[in-house]
Amino acid sequence: MTPSSYEAIPDFGLLYDSVPLYAARKDIGFYVAEATATRGAVLELGCGTGRILLPIARAGRTVVGLDASAQMLARCRDKLAAEPEQVRARVALHEGDARDFDLGAQYALVIAPFRIVQHLTTIEDQLRFLAAVRRHLAPGGRFVFDVFNPNFTALTRADGVEHEDTPEQPLLDGRVLRRAARVARVRWLDQVSEIELVYYLSGQRYVQAFDMRRYLHAELRHLLARASFRVRETYGDFARSPLVDDSPEQVVCAEVEGVRTP
């Protein structure tokens, strides 16, 4: 996954951690529960600033984080440094490409939270990513991730208009942050939305631009099967509700085909 343009945005880790929509997400408890139910170490792909990784470590699990962004990892390390020694001892961080990495270890649980898989816009990238996950899963290990359940009405609103999702709020350093989002274009044949997140920071304007792939549920199951994974459970939200047409999420728990988790 090529790092998004946020690498060029100063203090992006701080801005990311200041977005209320991210702080309010219900996925932390879900992934911590998955980790604590696991006998063994956890690998988080796309760990960012540690929003999920640190709660997993606080819950007593050894967790390794991988991210392509040096800036996000630096923010994570700063936050980790403020944790008690026993939490710090459970964490290792690595900079790398989730499509092609080798940590020289296998893990009982591999997670890819907050729609990391949707940044894989080509079949080649998707299969490379899944092959890397498979190499790093211990026998009987599980792969758990989430993506949007596509909302086709929302997809048709590629109007290029900025819609505010973070009203003005002060940061601890005295600056003021506001954020808006817009869909610049939808490439229907690719099932890709071209997204821009626009950060307004005390007179400065920064744009984080990236492509987001949308997966139909049947397509997602076919993709996993092609990569030798078997879907064990799929939920429609982080409360483990059944997946139905209007569910907001597809939360997928998978395992390597033929190697079932006890």
Side-chain angles (χ1 to χ4, degrees), residues 1 27 30-47 52-53 56 61-68 94 96-150 190-192 211-244 247-262:
M1 287 177 285
D27 55 351
F30 172 85
Y31 283 107
V32 169
E34 289 293 309
T36 55
T38 297
R39 301 173 186 170
V42 179
L43 169 62
E44 180 184 356
L45 303 176
C47 65
I52 289 175
L53 177 140
I56 289 175
R61 286 294 181 265
T62 297
V63 56
V64 173
L66 179 83
D67 202 281
H94 299 272
D97 187 334
R99 298 168 301 182
D100 186 18
F101 62 96
D102 184 1
L103 300 180
Q106 291 186 317
Y107 303 88
L109 175 66
V110 177
I111 61 174
F114 205 180
R115 306 175 186 131
I116 295 300
V117 176
Q118 292 191 246
H119 292 277
L120 303 164
T121 59
T122 69
I123 294 172
E124 178 186 10
D125 282 351
Q126 293 155 12
L127 292 176
R128 288 173 63 198
F129 170 82
L130 291 172
V133 170
R134 195 172 62 245
R135 289 195 304 270
H136 286 80
L137 272 179
R142 294 175 299 121
F143 173 42
V144 182
F145 66 97
D146 61 88
V147 297
F148 273 127
N149 190 30
D190 296 330
Q191 294 175 213
V192 167
D211 291 348
M212 177 167 278
R213 177 70 152 77
R214 309 288 177 153
Y215 295 92
L216 300 177
H217 181 60
E219 171 195 23
L220 198 57
R221 295 181 74 100
H222 275 285
L223 175 64
L224 288 163
R226 184 177 176 187
S228 300
F229 282 93
R230 170 186 176 275
V231 175
R232 185 165 178 178
E233 296 99 13
T234 307
Y235 305 112
D237 57 32
F238 296 108
R240 304 179 189 268
S241 302
L243 177 65
V244 296
S247 295
E249 312 281 350
Q250 298 181 69
V251 185
V252 180
C253 303
E255 59 196 6
V256 176
E257 185 66 52
V259 185
R260 188 172 178 82
T261 305

**OP:** Using the test ring pair (Phe, Tyr, Trp, His ring centres under 6.0 Å), find all partners of H136 that sit at least two apart in sequence or belong to another chain.
**Re:** F101
Original post:
Would you say Y235 and S247 make side-chain contact, with heavy atoms under 4.5 Å?
Top reply: no
Original post:
Would you say the side-chain atoms of R142 pair up with the backbone N or O of R232, donor to acceptor, closer than 3.5 Å?
Top reply: no
Subject >> Chi angles and distances behind the side chain to side chain contact (heavy atoms under 4.5 Å, CB included) call for L127, L223 >> reply: CA-CA 8 Å; L127 292 176; L223 175 64; 3.9 Å; yes
**OP:** Check the pair L130 / F143 against side chain to side chain contact (heavy atoms under 4.5 Å, CB included), numbers first and verdict last.
**Re:** CA-CA 10 Å; L130 291 172; F143 173 42; 3.7 Å; yes
Subject >> Derivation and outcome, side chain to side chain contact (heavy atoms under 4.5 Å, CB included), residues D190 and T121 >> reply: CA-CA 8 Å; D190 296 330; T121 59; over 6 Å; no
Original post:
Taking the side chain as C-beta and beyond, is there a heavy-atom pair between Y31 and V42 under 4.5 Å?
Top reply: no
Subject >> Which atom of R240 lies closest to which atom of A33, heavy atoms considered >> reply: NH2-CB, 4.0 Å
Subject >> E44 and R61 ion-paired at < 4.0 Å >> reply: no
Subject >> R135, CZ: over 12 other non-hydrogen atoms inside 6.0 angstrom >> reply: yes
Original post:
So which heavy atom on L53 is nearest to which on V64, and how close?
Top reply: CD1-C, 4.2 Å
**OP:** With sequence neighbours left out, write down each residue that passes side chain to side chain contact (heavy atoms under 4.5 Å, CB included) with R134, or none if nothing qualifies.
**Re:** A131, A227, S228, F229, V256
**OP:** Could you grab the distance from atom NE2 of H217 to atom CG of N149, nearest 0.5 Å is fine?
**Re:** 8.5 Å
Original post:
Do you know which two heavy atoms are closest between D211 and H119, and how far apart they sit?
Top reply: O-ND1, 3.8 Å
**OP:** Indicate yes or no for a side-chain donor-acceptor contact from Q126 to the backbone of L120 under 3.5 Å, with no hydrogens or angles considered.
**Re:** yes
Original post:
Yes or no on side chain to side chain contact (heavy atoms under 4.5 Å, CB included) for I111 and I56, after CA distance, side-chain angles and deciding distance?
Top reply: CA-CA 11 Å; I111 61 174; I56 289 175; 3.8 Å; yes
Original post:
More than 12 foreign heavy atoms under 6.0 Å from NE2 of H222: is that the case here?
Top reply: no
Subject >> Partners meeting side chain to side chain contact (heavy atoms under 4.5 Å, CB included) with D237 (sequence neighbours left out) >> reply: A239, S241, P248
**OP:** Kindly give the heavy-atom pair with the smallest separation between A132 and R99, and that separation in Å.
**Re:** CB-O, 4.2 Å
Original post:
Quick one: which of R214, R226, R213 gives a salt bridge (charged side-chain N to carboxylate O under 4.0 Å, His left out) with E219?
Top reply: R213
**OP:** Write down the atom of A108, the atom of G40, and the distance for their closest heavy-atom approach.
**Re:** CB-CA, 3.9 Å
Subject >> Non-hydrogen side-chain atoms of R221 and T234 separated by less than 4.5 Å >> reply: yes
Subject >> Min side-chain heavy-atom separation Y215-Q191 under 4.5 Å >> reply: no
Subject >> N/O donor-acceptor pair under 3.5 Å between D146 side chain and F114 backbone >> reply: yes
Original post:
Thinking salt bridges, do R230 and E257 make one under a 4.0 Å N-O criterion?
Top reply: no
Original post:
Which pair of non-hydrogen atoms, one from M212 and one from F148, has the smallest distance, and what is that distance?
Top reply: SD-CE1, 3.7 Å
**OP:** Drop me the distance from C47's SG to I52's CD1, to the nearest 0.5 angstrom.
**Re:** 10.5 Å
